[in-house]
Participant: 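Can you keep this structure in mind? I'll have questions shortly.
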Amino acid sequence: MNLFNSALGKNITFVRPAYFVISGFSGILNIKYYYVFLCFVYIVSVLGNTAVMAVIYLDHNLRTPKYIAVFHLAFVDLFGSSALTPKVLDIFLFNHRYIPYNDCLTFLFFCYTCLSMQVLNLVALSYDRLIAIIHPLHYQVKVTHRFMLSLIASFWVFVVTVVLIAVGLLTRLSFCKSVVINSYFCDHGQIFRLACNDYTPSYVLGVFLIAIILWFPLAFILLSYLCIGYALSKVATAQERYRAFKTCTAHLSLVAIYFLPILMTFTIGSNMHPNARIINLSLTSVFPPMLNPIIYVLQTQEIKVSVKKIFNFRKESKIKVNKVIIK
């Protein structure tokens, strides 16, 4: 029990600062242009994810388990971008680097919850592709609307619970030294390292979060695609293999976009300059939500067909209205 918090259950006063200071970049000229760029990325992300959600909602043919997960991914991307980017822009463009203690923990909760749900949503999509290719005849039985909704709901319960525990453990720390967070947002690892009492519980939970939210999902996705590759190798013709694999290209693109920068950050680790780390992690946070809708629109045949249907329907409606006006 002492490993997790020697102060639990004891009448101890914790030193909590009135505010934290987000340091951001150091020594880079004209860095405000980078934040303007992030603003542009955020606008494209909002428009793109809103469009994907609207297309799936309007087209009844897309209301399948797979597109429930795609809709949820667009929702999480939109929610996560809105939780992170506007606050980052407010901090650095308008020089509001002082964040009240409770606001910082709230900021941390929403950011980590959304980032974690983005990863777990990729797990749901990889499971969908795994069953669709390996067990195509049993797909409609194994992957139902209820199953996909239950899977997504269980992910939400798990992530919210774990992140709430992480935030709760931070409230058991005393900050009597520095209050400067060397990151671009209220980063969990950077916060607990500022504590002047034992932060072992937060460190252990941080390692657990990295394993369960990053490495385990990546291992599951890689294993699922190994199984998919093995199953496709048994397909008779190259055309059939290509057709089956084409249904996975959008998901594989999302996996690469999300995981490669994070893996690079953890591989280089302490050898990476703080500014490079902030750029890498900030782009990892904002780029996937912007690119996800673009990838799904360009690489998913069903969504392209649906978009064409919607535009054709609007054109036909305008033509009918014009004919009525002329008459």
Side-chain angles (χ1 to χ4, degrees), residues 22 34-35 37-54 56 67-92 99 103-126 151-164 166-167 181 183-191 209-210 212-214 217-218 221 250-251 253-262 265 278-297:
I22 309 296
Y34 177 72
Y35 298 117
F37 169 71
L38 291 185
C39 182
F40 170 77
V41 171
Y42 172 66
I43 292 170
V44 175
S45 175
V46 170
L47 295 175
N49 286 293
T50 303
V52 168
M53 292 168 64
I56 295 173
Y67 286 102
I68 288 175
V70 174
F71 183 94
H72 180 256
L73 179 63
F75 169 76
V76 172
D77 285 343
L78 181 62
F79 184 33
S81 296
S82 299
L84 176 66
T85 310
K87 186 63 178 177
V88 170
L89 295 176
D90 177 62
I91 291 170
F92 297 109
I99 301 183
D103 291 356
C104 193
L105 295 185
T106 303
F107 187 27
L108 180 151
F109 170 79
F110 283 109
C111 289
Y112 271 83
T113 298
C114 294
L115 291 173
S116 301
M117 283 305 302
Q118 287 175 358
V119 179
L120 294 179
N121 215 102
L122 295 177
V123 171
L125 286 167
S126 68
L151 183 63
I152 291 171
S154 65
F155 284 158
W156 272 106
V157 171
F158 171 74
V159 167
V160 168
T161 302
V162 172
V163 177
L164 277 177
V167 173
I181 301 173
S183 186
Y184 66 102
F185 76 113
C186 293
D187 194 339
H188 177 259
Q190 299 299 323
I191 290 177
L209 280 172
I210 291 172
I212 205 72
I213 301 297
L214 180 63
L218 180 59
I221 292 169
H251 179 254
S253 300
L254 302 186
V255 171
I257 289 169
Y258 188 89
F259 281 102
L260 286 179
I262 294 179
T265 301
I278 291 174
I279 289 176
N280 192 34
L281 290 179
S282 61
L283 291 179
T284 303
S285 302
V286 300
F287 253 71
M290 181 190 74
L291 294 176
N292 289 353
I294 297 172
I295 289 170
Y296 265 101
V297 170

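For the numbers below, each heavy atom of this structure counts, side chains included, while hydrogens, waters and symmetry mates do not.
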Participant: Look up atom CZ in Phe71 and atom CD1 in Ile56, then write down how far apart they are to the nearest 0.5 Å.
Facilitator: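 Rounded to the nearest 0.5 Å, the CZ-CD1 separation comes to 7.0 Å.
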
Participant: Which distance, rounded to the nearest 0.5 Å, do you find between the CD1 of Ile99 and the CD1 of Ile181?
Facilitator: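 Rounded to the nearest 0.5 Å, the CD1-CD1 separation comes out at 6.5 Å.
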
Participant: Parallel, tilted or perpendicular for Phe79 and Phe75, by the 30°/60° rule?
Facilitator: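 Geometry flag for Phe75 against Phe79: parallel rings.
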
Participant: Are a donor atom and an acceptor atom from the side chains of Asp187 and Tyr112 found within less than 3.5 Å of each other?
Facilitator: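 Indeed, the side chains of Asp187 and Tyr112 share at least one donor-acceptor pair under 3.5 Å.
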
Participant: Run the side chain to side chain contact (heavy atoms under 4.5 Å, CB included) test on Leu122 and Gln118 for me, step by step, so that the C-alpha distance in whole Å, both residues' side-chain angles and the decisive distance to 0.1 Å come before the verdict.
Facilitator: CA-CA 7 Å; Leu122 295 177; Gln118 287 175 358; over 6 Å; no

Participant: Side chains of Val52 and Asn292: does their closest heavy-atom pair fall under 4.5 Å?
Facilitator: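 Val52 does not reach Asn292 side chain to side chain.
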
Participant: Measure the OG-CD1 distance between Ser116 and Ile213 for me, rounded to the nearest 0.5 Å.
Facilitator: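 Here the interatomic distance stands at 4.5 Å.
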
Participant: Is the backbone of Ser82 close enough, under 3.5 Å, to the side chain of Thr85 for a donor and an acceptor to pair up by distance?
Facilitator: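 Not at all, since once roles are kept as given, no pair shorter than 3.5 Å links the two residues.
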
Participant: Are the side chain of Asn49 and the backbone of Ser45 linked by a donor-acceptor contact shorter than 3.5 Å?
Facilitator: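 Yes; judged by distance alone, with no hydrogens or angles, the pair exists.
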
Participant: Mind telling me whether Phe107 and Phe185 have parallel, tilted or perpendicular rings, with 30° and 60° as the class edges?
Facilitator: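 Because their plane-to-plane angle is over 60°, the rings of Phe185 and Phe107 count as perpendicular.
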
Participant: Nearest 0.5 angstrom please: Asn121 CG to Ile152 CD1, how far?
Facilitator: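 Going from CG on Asn121 over to CD1 on Ile152, the span is 5.5 Å.
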
Participant: Is the SG of Cys104 found under 2.5 Å away from the SG of Cys186?
Facilitator: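 Yes, because the SG atoms of Cys186 and Cys104 sit under 2.5 Å apart, which meets the disulfide cut-off.
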
Participant: Judged by atom type as modelled, is there a donor-acceptor pair below 3.5 Å linking the side chain of Thr113 to the main-chain atoms of Phe109?
Facilitator: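 Such a contact is found between Thr113 side chain and Phe109 backbone.
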
Participant: So do the side chains of Val286 and Phe37 get within less than 4.5 Å of each other, counting heavy atoms only?
Facilitator: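 Side-chain contact under 4.5 Å: no.
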
Participant: Under 4.5 Å between any side-chain heavy atoms of Pro86 and Asp90, yes or no?
Facilitator: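 Counting from C-beta outward, Pro86 and Asp90 never come under 4.5 Å.
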
Participant: Where the side chain of Ser81 meets the backbone of Leu78, is there a donor-acceptor pair that is under 3.5 Å apart?
Facilitator: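 Answer holds: no.
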
Participant: Distance from Lys87 atom NZ to Asp103 atom CG, nearest 0.5 Å?
Facilitator: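 Answer rounded to 0.5 Å: 6.0 Å.
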
Participant: First locate atom CZ of Phe158, then atom CG of Leu120, and finally report the distance between them rounded to the nearest 0.5 Å.
Facilitator: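 Going from CZ on Phe158 over to CG on Leu120, the span is 7.5 Å.
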
Participant: Does Met290 offer a backbone N or O that forms a donor-acceptor pair with the side chain of Asp77 under 3.5 Å?
Facilitator: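 Between the backbone of Met290 and the side chain of Asp77 there is no qualifying donor-acceptor contact (under 3.5 Å).
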
Participant: When you compare the side chain of Leu73 with that of Leu254, does any pair of heavy atoms fall below 4.5 Å?
Facilitator: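 The answer is yes, as the side chains (C-beta and beyond) meet within the 4.5 Å cut-off.
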
Participant: Report yes if some heavy atom in the side chain of Tyr258 is under 4.5 Å from a heavy atom in the side chain of Leu115; otherwise report no.
Facilitator: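 In contact.
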
Participant: Is there side-chain contact between Leu281 and Tyr184, with at least one heavy-atom pair below 4.5 Å?
Facilitator: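 They are in contact (side-chain heavy atoms under 4.5 Å apart), so the answer is yes.
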
Participant: Heavy atoms, side chains only, cut-off 4.5 Å: are Val119 and Leu214 in contact?
Facilitator: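 They are not in contact (no side-chain heavy atoms under 4.5 Å apart), so the answer is no.
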
Participant: Would you name the heavy atoms of Ile22 and Ser183 that are closest together and state the gap between them?
Facilitator: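 Looking at all heavy atoms of both residues, the closest pair is CG2-O, 3.1 Å.
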
Participant: Should Tyr35 and Ile91 count as side-chain neighbours, where that means a heavy-atom distance under 4.5 Å?
Facilitator: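 The answer is no, as the side chains (C-beta and beyond) never meet within the 4.5 Å cut-off.
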
